[in-house]
Every structure is written in C-alpha cells, then in structure tokens.
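Data block below; observations after.
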Amino acid sequence: MIGHLSVILISCLFLAASCSTKIISTNIYQEHKTDLDNIERRYEKLNPTNHFSLAFTDKNFNIVSLEMITDTLTRIYEFNVTEKRLADTLIKYNYDTAGIYYLIRKMQQTKVTWINSFDYYINDLPQQLILLSIKPVTIRYIFSPPKYVALAYFRTTQFFDEKGRLLDSRRTKQVRKIKGQVFYKITDRVCYTITDKYR
Amino acid sequence: MHIQFKVISFVFYLLILANQKGFAGDLFGEIISTKEEATAFLDQIDQNKENTLWPNVKSRLFYDNLKLNLENPKSFYPGRSTNFCSYGALSYLVMEKDPLGYVKFMNELYDKGEATFNNNHFKPTKAVMNAAGTLKFKGVLDIRHAEQMWFLVLADHYKGYLNFFDKKFDEGDENTFWAATNLSKFDRMVSQMCGNHVKAVGSDLIKPWVKDVYSYLAKRIDSNIVSLYVNNRIIHKKNHDKIKFSIPTHFIILRQIRQEGNMITLRYWDYGGETEMQISSRTLKKIIFGIITIDK
C-alpha cells in the first residue's frame, strides 16, 4: 500500500516538475494593444486625483477588490461589480464613479486582473509606472502554477540589453527587477513578464 | 525508516517550539523618551559627516529619514516585496516607546558600525553594511537610507529557524528566507528591543485555540498593543487558485476592530500607514495564526 502511494506521489511530483502552464497566445499585447493602452491611459487619468487600485479576485471577473489609497489610510473593500455598494462607496469617497465603472468594464472585457501604480526612484527623484496583469488563456496541468502576463508602462524611454531585458539605467548593465521579476521589451516604454502572481 | 523518524521528530519539535504560549521580558511599562528629546538630539549633531563604513548610505537621506521617523513614526515602510514586515511592526513599537533611543542607536551605528539598543549589541556584517542604501524598486524605501540600514541590521542580528539555511546575506536576500521571521522570533525581538512583556497565542502552522477571535481581540486592544501574525494571501489574493497553502506570511499591528453583524472591520498598521478592511468572522479566524499581546 505504502509502495503504491510512493509511486503515485513520485508520479505527481514528476508531473508537476515536468509540465508547466502554457500560455496559448505569445502576442497578447499586440492583439489587445488598443484596449490595454486605453485602460492604462484611463487609469493614469483617474489615479492622480484619488489614488486607487483594482483587482479581480475571482476567475470570472465578477468580484473586484478596490483599494482606495490616501496618505494616512488605505481602504480595501471587495464587491460584486453589480452591487450597489460599489457605486455608493465610490461616491462617498469622491471617486470618479463613471470613470471607474468604465475602467472595470474594460478590464473585464480584456481580462485585466489588476491595475496599480508603482513608485520608484531615479537619482533619488520619484518616478511612476503603471503595472497591469492579464489573465491569458492557458493550458494548465495538474499542480502547475497559474500564469499571468504583467505589463509595465513607464512614462519615459527605458533601456534594455541585447536580450531585451529591462536595465537599471543607460550606464549600467544591471538588470532591473520589478517585484522580483525580469521584464522584457515590447516598446521603448512598455515591457512585460510572465509571472505566477497577478500582483 | 530511522531517517524518516528523525525527520518527523525534527518537525514535531519545531512545531512544539513554534507553538509558543507566552514570552516574558523585562517590564518597563512606560514611555522611555519623547519625540522632542529625540529631535533635540538630532539637531545638535553634524548631519553632513562623511562615512566610509556604510559606503552606499547618503548622509542627507539618512538624517532626513530619521527626522521623518520622528515626525511620523507610522511612516516606517518595510518595502515592496521584501520580508521586512516583522521589522516594520517592531519599528512601530520601538518608536512608540523610545524615539530618542532609536535615533541615538542609529547615529552610533552610522558613526561606528556597531551600537547597542536596550542592552542588545548589534554589529552588522560587511555584506549588510554594503547593501544598506542600495535597495531599489522597493517603493519609498529606495530613498530611506536609515530604514534600509535598520531593517537589514535587525534581519542580520535576529535569527530563527526559518533563517537556518540562509544565514549569510547575499544581494537580494531582503526578499528571501534570510529576512523571514517566525512567531517566536518576533516575540523575542519585541521583548528584547522594547523590554515589554509579550504574550502570544498561536504558532507558525497551527491557528490559536481561541473560540471567539473577535471578542479575544476586542478585549485586549484597549489595554495592550496587539500584533497579528496573519496569512495575507487570503485577504490579499495574488492568484485565482482556490486551494492555497494555509501559512502565515505577514505581521501587522492591530489598531481598531469592530463588528457589524457578521462583518468585521479591521484597521491595522503595516506598510507605512493604516489599512481598513472588512472581512467576515469566518475569514478573520481563517487568517490569524498568531495573536501577540504586548503590554503598554
């Protein structure tokens, strides 16, 4: 009995180690470029007035986690997108309700699971980029981790090495990691990575 | 078979060690110093002095950071994607108790490369001294050189069983097991650094045997400082998998708790500010692995 169990366990481990999740499309950004850029622009316009981030915490894109961020307090609430509480909350805290609802709809349509802004520093001066994650169609094996495509939108031109990896600056060859991930060039200011976490 | 028995015994002993019920330290019970005393101390020292012991720490950023810590003690920011959250929670407690002790300690550490805080002597390794000031893409921690130094030195000094296989700092280790903290290590740090009596229920793997978590917390929050060791992956999901490892990942300082029907509103301090969130009482029970009660 124990022998059988060991064989099953070893098989499972082998399966987990040998089969990783495959993303069907290798060109997600180009396929959805207009929608993704539109989402990024809309978020960039809404975010400076009242900081926020949005994440879909379910696979069907019905439950949205809204983080409303001020200097002193971050409020995190989860809503079904059809709930009236969502609109009530946005109104209560003076957020652009119509703008955020538009963003939510666009995110649902384009399977964008998360959008947030990200502050970083160059020469001790603050910079900002926008990160968004997409839930792609995948072939997933048992025990294999999920996969997401994360896009980083910088405001300025970035520098990359010959392998297309994002670098710290023009003068160094040091690869810049964001949230522990190496990012690869799509355009001069947009890059991507494949990750098993959407945020 | 014999090896299996040894492994099982090892895990069993670890669990027993981790399942800490209480921890007693020296009792101070009072605020040791004030923000005004700490500011006066900072004002009388040369803040432009060069220092080769910490090659990447900029004196301007270092002292600006100390001033910020005094003006707004809640601004301590352990950085994005790091394992510094426990040291962040500890900073919150230290600043409540002894801001002058903190700035004196940091100034001495900067000047001499070693210093003592509340009878605990810190002499960081060369690797840590070189790393302070170089952490990047961690949010505002990038330009907070005193906090980088403080978190790295604490992580270098305090070790628990989670750090067993990674005791030596290498680049990027702020995100790895080198910086991780288990419950008993956290209790030890708080007890030694703040000198307060610490009582903890729960463990690193098994949730506390508390029947009504809300009542337990509500009863203690007024008269004590309460820190929670939680599984942040449940409330801050990072993927859409339904099956998740049930392990604690994060230390927070509980500030407020209230109940309306089945919903509980938690207000807690973690990354440089307070967060308010609503969860069900079932989720509250599910996320908490350790409740650390610290005497005020």
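Proteins get letters first, then strands, A, B, ... in listed order; numbering begins at 1 in each.
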Residue part contacting chain B, namely of [X], when any heavy atom lies under 4.5 Å:
{"X": "A/F118", "answer": "both"}
{"X": "A/Q174", "answer": "side chain"}
{"X": "A/T70", "answer": "neither"}
{"X": "A/L129", "answer": "side chain"}

Nearest non-hydrogen partners of B/D142 and A/Y120, listed with the distance:
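Result for this residue pair: OD2-CA, 4.3 Å.
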Hey, which of A/R199, A/K197, A/R75, A/M68 has the most heavy atom pairs under 4.5 Å with chain B?
A/R199
Quick one, A/K177 with B/K136, criterion side-chain contact (heavy atoms from CB on, under 4.5 Å). Give me CA distance, side-chain angles, the key distance, then yes/no.
CA-CA 9 Å; A/K177 284 187 179 177; B/K136 277 185 192 164; over 6 Å; no
Should the heavy atoms of other residues, nucleotides or ligands under 6.0 Å from [atom1] of [X] be counted, would the total exceed 12?
{"X": "B/D46", "atom1": "CG", "value": "yes"}
{"X": "B/K49", "atom1": "NZ", "value": "yes"}
{"X": "B/F177", "atom1": "CZ", "value": "no"}
{"X": "B/E171", "atom1": "CD", "value": "no"}

Kindly indicate whether a cation-pi arrangement holds for A/R176 with B/F137, taking the cut-offs as under 6.0 Å to the six-membered ring centre and within 45° of the axis.
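No, A/R176 does not sit over the ring of B/F137.
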If we define contacts as heavy-atom pairs under 4.5 Å, which of B/N72, B/L141, B/D241 has the most with chain A?
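The option with the most such pairs is B/D241.
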For chain A, which candidate among B/G139, B/S75, B/S81, B/G272 shows the most heavy-atom pairs at distances under 4.5 Å?
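Looking at each option in turn, the highest pair count goes to B/G139.
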Rounded to the nearest 0.5 Å, what separation is found between the [atom1] atom of [X] and the [atom2] atom of [Y]?
{"X": "A/T57", "Y": "B/N239", "atom1": "OG1", "atom2": "CG", "answer": "11.5 Å"}
{"X": "A/K179", "Y": "B/K138", "atom1": "NZ", "atom2": "NZ", "answer": "10.0 Å"}
{"X": "A/S65", "Y": "B/M277", "atom1": "OG", "atom2": "CE", "answer": "7.0 Å"}

[X] versus chain A, heavy atoms under 4.5 Å apart: side chain, backbone, both or neither?
{"X": "B/K74", "value": "neither"}
{"X": "B/I279", "value": "neither"}
{"X": "B/K58", "value": "side chain"}

Quick one: does [X]'s side chain get under 4.5 Å of [Y]'s, heavy atoms only?
{"X": "A/D124", "Y": "B/R60", "value": "yes"}
{"X": "A/D119", "Y": "B/R80", "value": "yes"}
{"X": "A/T74", "Y": "B/Y271", "value": "no"}
{"X": "A/Y198", "Y": "B/K237", "value": "yes"}
{"X": "B/E274", "Y": "A/T72", "value": "no"}
{"X": "A/I76", "Y": "B/T275", "value": "yes"}

For A/P146, is there any backbone N or O sitting under 3.5 Å from a side-chain donor or acceptor partner on B/H240?
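No; zero donor-acceptor contacts below 3.5 Å.
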Would you call A/D196 and B/K238 a salt bridge, taking side-chain N to carboxylate O under 4.0 Å as the test?
no
